[in-house]
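In what follows, a structure is listed as C-alpha coordinates, so that the remarks can point back to it.
Naming convention: chains lettered A, B, ... in sequence-line order (proteins, then strands); numbering from 1 in each chain. Bear in mind the structure is a predicted one, so any value in this text is a computation, not a measurement.
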There are 2 protein chains.
Amino acid sequence: MTDPEFDLDQFLPYLLNQAAEATSRGFQPVYAAYGMTRTQWRVLANLGRFGAMTATAICAASHVEKTKVSRAVTALEGQGLLQRAPDPQDGRAEVLRLTDTGRAVFAALGQEARQHDQALRDRLGGAAGPLEAALRRLIAGA
Amino acid sequence: MTDPEFDLDQFLPYLLNQAAEATSRGFQPVYAAYGMTRTQWRVLANLGRFGAMTATAICAASHVEKTKVSRAVTALEGQGLLQRAPDPQDGRAEVLRLTDTGRAVFAALGQEARQHDQALRDRLGGAAGPLEAALRRLIAGA
DNA sequence: TCAAACTGGTTGCATTTGCAACCAATATCG
DNA sequence: CGATATTGGTTGCAAATGCAACCAGTTTGA
(Lines give C-alpha, C1' and ligand atoms only; values in the text may rest on other atoms or scores of the structure.)
Protein backbone atom coordinates (compact mmCIF):
# COMPACT_ATOMS: atom_id res chain seq x y z
CA MET A 1 0.00 0.00 0.00
CA THR A 2 1.24 3.46 -0.86
CA ASP A 3 1.43 6.20 1.70
CA PRO A 4 -1.15 8.91 1.37
CA GLU A 5 0.05 11.89 -0.62
CA PHE A 6 1.93 14.51 1.29
CA ASP A 7 -0.28 17.47 2.10
CA LEU A 8 1.60 20.71 2.64
CA ASP A 9 -1.44 22.04 4.37
CA GLN A 10 -0.93 19.76 7.33
CA PHE A 11 2.78 20.28 7.60
CA LEU A 12 3.49 21.97 10.92
CA PRO A 13 6.47 24.04 9.77
CA TYR A 14 4.32 25.37 6.97
CA LEU A 15 1.42 26.22 9.25
CA LEU A 16 3.77 27.86 11.71
CA ASN A 17 5.26 29.96 8.96
CA GLN A 18 1.87 31.02 7.71
CA ALA A 19 0.71 31.98 11.17
CA ALA A 20 3.95 33.79 11.91
CA GLU A 21 3.68 35.68 8.66
CA ALA A 22 0.06 36.55 9.19
CA THR A 23 0.49 37.84 12.72
CA SER A 24 3.80 39.58 12.10
CA ARG A 25 2.66 41.37 9.03
CA GLY A 26 -0.03 43.08 11.01
CA PHE A 27 2.48 44.65 13.34
CA GLN A 28 5.05 45.57 10.74
CA PRO A 29 3.57 48.96 9.85
CA VAL A 30 3.98 50.00 13.46
CA TYR A 31 7.75 49.70 13.65
CA ALA A 32 8.08 50.53 9.97
CA ALA A 33 6.62 53.92 10.88
CA TYR A 34 9.80 54.46 12.88
CA GLY A 35 11.91 53.40 9.94
CA MET A 36 12.73 50.11 11.56
CA THR A 37 13.06 46.61 10.24
CA ARG A 38 11.88 43.55 12.13
CA THR A 39 15.33 42.71 13.37
CA GLN A 40 15.86 46.26 14.55
CA TRP A 41 12.62 46.14 16.45
CA ARG A 42 13.66 42.91 18.10
CA VAL A 43 17.02 44.25 19.14
CA LEU A 44 15.35 47.34 20.50
CA ALA A 45 12.88 45.22 22.41
CA ASN A 46 15.64 43.16 23.97
CA LEU A 47 17.57 46.20 25.04
CA GLY A 48 14.42 47.83 26.30
CA ARG A 49 13.64 44.87 28.44
CA PHE A 50 17.05 43.80 29.67
CA GLY A 51 18.84 47.14 29.79
CA ALA A 52 22.52 47.19 28.93
CA MET A 53 23.76 44.08 27.21
CA THR A 54 26.28 42.96 24.66
CA ALA A 55 25.50 41.97 21.09
CA THR A 56 26.23 38.32 21.70
CA ALA A 57 23.87 38.37 24.63
CA ILE A 58 21.17 39.61 22.30
CA CYS A 59 21.99 36.83 19.88
CA ALA A 60 21.65 34.27 22.62
CA ALA A 61 18.46 35.75 24.02
CA SER A 62 16.67 36.16 20.74
CA HIS A 63 18.08 33.43 18.54
CA VAL A 64 19.10 35.89 15.87
CA GLU A 65 22.25 35.57 13.75
CA LYS A 66 25.27 37.65 14.76
CA THR A 67 25.43 39.44 11.49
CA LYS A 68 21.79 40.44 11.60
CA VAL A 69 22.23 41.84 15.08
CA SER A 70 25.42 43.59 14.08
CA ARG A 71 23.76 45.42 11.24
CA ALA A 72 20.67 46.22 13.26
CA VAL A 73 22.85 47.73 15.96
CA THR A 74 24.64 49.89 13.42
CA ALA A 75 21.31 51.09 12.09
CA LEU A 76 19.82 51.80 15.51
CA GLU A 77 22.93 53.66 16.50
CA GLY A 78 22.66 55.73 13.35
CA GLN A 79 19.10 56.61 14.30
CA GLY A 80 20.28 57.68 17.72
CA LEU A 81 18.29 54.99 19.48
CA LEU A 82 21.21 53.25 21.15
CA GLN A 83 24.77 53.84 22.22
CA ARG A 84 27.77 51.58 22.33
CA ALA A 85 30.33 51.64 25.09
CA PRO A 86 33.47 49.55 25.46
CA ASP A 87 33.05 46.63 27.82
CA PRO A 88 35.43 47.13 30.74
CA GLN A 89 35.56 43.38 31.29
CA ASP A 90 36.33 42.37 27.73
CA GLY A 91 38.16 44.47 25.20
CA ARG A 92 36.38 42.88 22.26
CA ALA A 93 32.86 43.34 23.45
CA GLU A 94 30.68 46.43 23.46
CA VAL A 95 27.94 47.16 25.90
CA LEU A 96 24.79 48.37 24.17
CA ARG A 97 22.32 50.64 25.84
CA LEU A 98 19.25 52.54 24.66
CA THR A 99 19.38 56.30 24.57
CA ASP A 100 16.53 58.34 26.02
CA THR A 101 15.04 58.51 22.56
CA GLY A 102 15.47 54.79 22.25
CA ARG A 103 13.65 54.20 25.48
CA ALA A 104 10.85 56.47 24.40
CA VAL A 105 10.46 54.61 21.13
CA PHE A 106 10.56 51.33 22.98
CA ALA A 107 7.83 52.52 25.31
CA ALA A 108 5.64 53.58 22.41
CA LEU A 109 6.20 50.41 20.39
CA GLY A 110 5.84 48.21 23.45
CA GLN A 111 2.51 49.78 24.13
CA GLU A 112 1.26 49.05 20.65
CA ALA A 113 2.75 45.60 20.69
CA ARG A 114 0.85 44.75 23.81
CA GLN A 115 -2.37 45.86 22.19
CA HIS A 116 -1.64 43.88 19.06
CA ASP A 117 -0.85 40.83 21.15
CA GLN A 118 -4.00 41.23 23.17
CA ALA A 119 -6.07 41.38 20.02
CA LEU A 120 -4.56 38.11 18.87
CA ARG A 121 -5.20 36.48 22.21
CA ASP A 122 -8.76 37.68 22.23
CA ARG A 123 -9.24 36.08 18.87
CA LEU A 124 -7.87 32.83 20.21
CA GLY A 125 -9.89 32.77 23.38
CA GLY A 126 -8.90 29.91 25.61
CA ALA A 127 -6.63 28.47 22.96
CA ALA A 128 -3.98 31.13 23.57
CA GLY A 129 -2.45 29.47 26.61
CA PRO A 130 -2.01 26.02 25.10
CA LEU A 131 -0.74 27.59 21.89
CA GLU A 132 1.94 29.46 23.76
CA ALA A 133 2.97 26.36 25.65
CA ALA A 134 3.24 24.33 22.47
CA LEU A 135 5.28 27.03 20.76
CA ARG A 136 7.68 27.17 23.66
CA ARG A 137 8.12 23.47 23.53
CA LEU A 138 8.95 23.60 19.84
CA ILE A 139 11.37 26.45 20.34
CA ALA A 140 13.13 24.77 23.22
CA GLY A 141 13.28 21.38 21.60
CA ALA A 142 14.94 22.67 18.49
CA MET B 1 0.34 53.22 37.59
CA THR B 2 2.61 52.37 34.71
CA ASP B 3 2.04 49.35 32.54
CA PRO B 4 4.42 46.51 33.06
CA GLU B 5 7.33 46.55 30.69
CA PHE B 6 6.79 44.97 27.33
CA ASP B 7 8.29 41.50 27.19
CA LEU B 8 9.18 40.33 23.73
CA ASP B 9 9.25 36.84 25.05
CA GLN B 10 5.51 36.77 25.50
CA PHE B 11 4.70 38.39 22.20
CA LEU B 12 2.83 35.88 20.08
CA PRO B 13 4.17 36.97 16.70
CA TYR B 14 7.66 36.60 18.10
CA LEU B 15 7.00 33.16 19.51
CA LEU B 16 5.40 32.09 16.27
CA ASN B 17 8.40 33.27 14.33
CA GLN B 18 10.79 31.47 16.62
CA ALA B 19 8.86 28.25 16.38
CA ALA B 20 8.53 28.57 12.63
CA GLU B 21 12.23 29.21 12.29
CA ALA B 22 13.16 26.38 14.58
CA THR B 23 10.97 23.79 12.88
CA SER B 24 11.66 24.97 9.34
CA ARG B 25 15.37 25.09 9.74
CA GLY B 26 15.40 21.43 10.60
CA PHE B 27 13.85 20.53 7.29
CA GLN B 28 15.81 22.91 5.14
CA PRO B 29 18.78 20.61 4.51
CA VAL B 30 16.41 18.11 2.98
CA TYR B 31 15.22 20.25 0.09
CA ALA B 32 18.53 22.09 -0.01
CA ALA B 33 20.04 18.73 -0.94
CA TYR B 34 18.01 18.98 -4.14
CA GLY B 35 19.25 22.50 -4.73
CA MET B 36 15.90 23.96 -3.78
CA THR B 37 14.88 26.99 -1.83
CA ARG B 38 11.94 27.05 0.56
CA THR B 39 9.68 28.73 -1.95
CA GLN B 40 10.63 26.21 -4.59
CA TRP B 41 9.81 23.38 -2.24
CA ARG B 42 6.44 24.92 -1.50
CA VAL B 43 5.59 25.34 -5.13
CA LEU B 44 6.65 21.78 -5.80
CA ALA B 45 4.53 20.58 -2.91
CA ASN B 46 1.48 22.38 -4.22
CA LEU B 47 1.89 20.99 -7.70
CA GLY B 48 2.54 17.56 -6.30
CA ARG B 49 -0.63 17.63 -4.34
CA PHE B 50 -3.00 19.42 -6.69
CA GLY B 51 -1.63 18.33 -10.04
CA ALA B 52 -1.80 20.81 -12.89
CA MET B 53 -2.49 24.35 -11.83
CA THR B 54 -1.70 27.90 -12.78
CA ALA B 55 0.75 30.18 -11.01
CA THR B 56 -1.98 32.39 -9.62
CA ALA B 57 -3.70 29.35 -8.22
CA ILE B 58 -0.51 28.51 -6.37
CA CYS B 59 -0.36 32.04 -5.04
CA ALA B 60 -3.88 31.76 -3.75
CA ALA B 61 -3.40 28.32 -2.27
CA SER B 62 -0.14 29.03 -0.51
CA HIS B 63 -0.28 32.73 0.31
CA VAL B 64 2.98 33.39 -1.51
CA GLU B 65 3.72 36.53 -3.52
CA LYS B 66 3.37 36.35 -7.30
CA THR B 67 6.93 37.28 -7.91
CA LYS B 68 8.27 34.64 -5.57
CA VAL B 69 6.19 32.00 -7.31
CA SER B 70 7.23 33.28 -10.71
CA ARG B 71 10.90 32.94 -9.93
CA ALA B 72 10.48 29.60 -8.23
CA VAL B 73 8.69 28.30 -11.31
CA THR B 74 11.50 29.48 -13.56
CA ALA B 75 14.02 27.74 -11.34
CA LEU B 76 12.07 24.50 -11.10
CA GLU B 77 11.60 24.48 -14.85
CA GLY B 78 15.34 24.97 -15.27
CA GLN B 79 15.90 21.94 -13.07
CA GLY B 80 13.53 19.94 -15.18
CA LEU B 81 11.09 19.42 -12.36
CA LEU B 82 8.10 21.07 -13.99
CA GLN B 83 6.74 22.01 -17.37
CA ARG B 84 4.67 24.92 -18.52
CA ALA B 85 1.92 24.65 -21.07
CA PRO B 86 -0.30 27.38 -22.48
CA ASP B 87 -3.71 27.51 -20.89
CA PRO B 88 -6.29 26.79 -23.61
CA GLN B 89 -8.88 28.80 -21.66
CA ASP B 90 -6.79 31.91 -21.12
CA GLY B 91 -4.00 33.12 -23.34
CA ARG B 92 -2.19 34.86 -20.49
CA ALA B 93 -2.06 31.95 -18.11
CA GLU B 94 0.18 28.92 -18.14
CA VAL B 95 -0.68 25.55 -16.75
CA LEU B 96 2.10 24.14 -14.61
CA ARG B 97 2.66 20.45 -14.19
CA LEU B 98 5.38 18.34 -12.60
CA THR B 99 7.55 16.25 -14.86
CA ASP B 100 8.23 12.63 -13.97
CA THR B 101 11.41 13.74 -12.29
CA GLY B 102 9.46 16.38 -10.45
CA ARG B 103 6.99 13.84 -9.19
CA ALA B 104 9.81 11.60 -8.06
CA VAL B 105 11.43 14.42 -6.13
CA PHE B 106 8.09 15.33 -4.64
CA ALA B 107 7.57 11.76 -3.53
CA ALA B 108 10.98 11.65 -1.88
CA LEU B 109 10.65 15.01 -0.19
CA GLY B 110 7.08 14.33 0.83
CA GLN B 111 8.21 11.16 2.49
CA GLU B 112 10.85 12.95 4.50
CA ALA B 113 8.53 15.81 5.28
CA ARG B 114 6.03 13.43 6.77
CA GLN B 115 8.68 11.96 8.98
CA HIS B 116 9.86 15.36 10.07
CA ASP B 117 6.30 16.38 10.82
CA GLN B 118 5.67 13.22 12.76
CA ALA B 119 8.74 13.82 14.89
CA LEU B 120 7.44 17.26 15.74
CA ARG B 121 4.02 15.92 16.63
CA ASP B 122 5.54 13.22 18.77
CA ARG B 123 7.39 15.86 20.66
CA LEU B 124 4.18 17.76 21.19
CA GLY B 125 2.12 14.83 22.28
CA GLY B 126 -1.52 15.74 22.78
CA ALA B 127 -0.76 19.40 22.25
CA ALA B 128 -0.37 18.94 18.51
CA GLY B 129 -4.07 19.02 17.70
CA PRO B 130 -4.92 22.19 19.61
CA LEU B 131 -1.78 23.83 18.24
CA GLU B 132 -2.84 23.12 14.71
CA ALA B 133 -6.31 24.43 15.36
CA ALA B 134 -4.99 27.63 16.87
CA LEU B 135 -2.60 28.16 13.97
CA ARG B 136 -5.38 27.75 11.47
CA ARG B 137 -7.46 30.26 13.30
CA LEU B 138 -4.64 32.78 13.21
CA ILE B 139 -4.02 32.16 9.53
CA ALA B 140 -7.66 32.49 8.61
CA GLY B 141 -8.33 35.50 10.77
CA ALA B 142 -5.51 37.50 9.31
C1' DT C 1 -16.56 47.66 -31.82
C1' DC C 2 -13.28 49.95 -29.47
C1' DA C 3 -11.25 52.23 -25.51
C1' DA C 4 -10.62 51.74 -20.60
C1' DA C 5 -10.08 48.78 -16.69
C1' DC C 6 -8.33 44.39 -15.15
C1' DT C 7 -5.68 40.17 -14.69
C1' DG C 8 -1.67 36.57 -15.41
C1' DG C 9 2.91 36.82 -15.29
C1' DT C 10 7.71 38.84 -15.63
C1' DT C 11 11.43 42.19 -14.80
C1' DG C 12 14.30 45.96 -12.40
C1' DC C 13 15.98 47.77 -8.50
C1' DA C 14 16.84 48.60 -3.82
C1' DT C 15 16.87 46.08 0.67
C1' DT C 16 17.49 42.19 3.51
C1' DT C 17 19.50 37.89 4.30
C1' DG C 18 23.08 33.83 4.99
C1' DC C 19 27.44 32.20 4.91
C1' DA C 20 32.11 32.25 5.04
C1' DA C 21 36.19 34.78 5.64
C1' DC C 22 38.12 38.05 8.32
C1' DC C 23 40.24 41.34 12.36
C1' DA C 24 41.26 42.00 17.06
C1' DA C 25 41.21 40.70 21.83
C1' DT C 26 41.22 36.90 25.13
C1' DA C 27 41.85 32.01 26.84
C1' DT C 28 44.38 27.85 26.82
C1' DC C 29 48.15 25.04 27.27
C1' DG C 30 52.71 23.19 26.27
C1' DC D 1 56.02 32.99 28.13
C1' DG D 2 54.70 32.19 23.23
C1' DA D 3 51.97 29.63 19.83
C1' DT D 4 47.29 28.13 19.06
C1' DA D 5 42.58 27.97 19.48
C1' DT D 6 38.29 30.81 20.79
C1' DT D 7 35.30 34.35 20.89
C1' DG D 8 33.10 39.31 19.99
C1' DG D 9 32.09 41.66 16.12
C1' DT D 10 32.34 43.35 11.19
C1' DT D 11 32.61 42.96 6.18
C1' DG D 12 32.12 40.97 1.27
C1' DC D 13 29.56 38.67 -1.74
C1' DA D 14 26.10 35.94 -3.67
C1' DA D 15 21.49 34.84 -3.24
C1' DA D 16 16.48 35.76 -1.86
C1' DT D 17 12.77 39.21 -1.15
C1' DG D 18 9.31 43.14 -1.72
C1' DC D 19 7.52 46.51 -4.35
C1' DA D 20 6.39 49.00 -8.18
C1' DA D 21 6.42 49.30 -13.03
C1' DC D 22 5.69 46.80 -16.87
C1' DC D 23 3.85 43.66 -21.16
C1' DA D 24 0.31 41.03 -23.17
C1' DG D 25 -4.02 39.09 -23.28
C1' DT D 26 -9.16 39.59 -21.59
C1' DT D 27 -13.16 41.54 -19.94
C1' DT D 28 -16.41 45.45 -19.52
C1' DG D 29 -19.45 48.74 -21.10
C1' DA D 30 -20.83 52.86 -23.79
Checklist entry - Would you call the rings of Phe11(B) and Phe27(A) parallel, tilted or perpendicular, where under 30° means parallel and over 60° means perpendicular? => result perpendicular
Look only at the side chain of [X] and the backbone of [Y], and say whether a donor-acceptor pair between them is shorter than 3.5 Å.
| X | Y | result |
| --- | --- | --- |
| Thr99(A) | Gly102(A) | yes |
| Gln10(B) | Asp117(A) | no |
| Arg97(B) | Ala52(B) | no |

Distance in angstrom units between [X] [atom1] and [N] [atom2], rounded:
| X | N | atom1 | atom2 | value |
| --- | --- | --- | --- | --- |
| Met36(A) | dT16(C) | CE | P | 13 Å |
| Leu82(B) | dG9(C) | CG | C1' | 14 Å |
| Gln89(A) | dA25(C) | CD | C1' | 14 Å |
| Glu94(B) | dG25(D) | CD | P | 12 Å |
| Asp87(A) | dA25(C) | CG | P | 14 Å |

Checklist entry - Going 5' to 3' along nucleotides 16-24 of chain D, which nucleotides have protein heavy atoms under 4.0 Å from the base (write B), which only from the sugar-phosphate (write S), and which from neither (write -)? => result -SBB-----
Checklist entry - Could you go step by step and tell me if Leu12(A) and Leu124(B) meet the side-chain contact (heavy atoms from CB on, under 4.5 Å) rule? => result CA-CA 11 Å; Leu12(A) 278 181; Leu124(B) 287 170; 4.0 Å; yes
Checklist entry - OP1 or OP2 of dT10(D) sitting under 4.0 Å from any side-chain N/O of Ser70(A)? => result yes
Next on the checklist: Quick test of your reading: applying side chain to side chain donor-acceptor pair (under 3.5 Å), list the pairs with at least one residue in residues 43-53 of chain A, sequence neighbours left out, ordered by first then second residue.
Outcome noted: Arg49(A)-Asp7(B)
Checklist entry - If you look at every strand shown and take non-hydrogen atoms under 4.0 Å, does Asp90(B) touch a base, only sugar-phosphate, or nothing? => result sugar-phosphate
Checklist entry - Near DNA chain D, under 4.0 Å by heavy atom, which residues of residues 42-62 of chain A? => result Thr54(A), Ala55(A), Thr56(A)
Checklist entry - Side chains of Asp87(B) and Thr54(B): do they bring a donor and an acceptor to under 3.5 Å? => result no
Checklist entry - Are Arg121(B) and Glu132(B) ion-paired here, with the side-chain N under 4.0 Å from a carboxylate O? => result yes
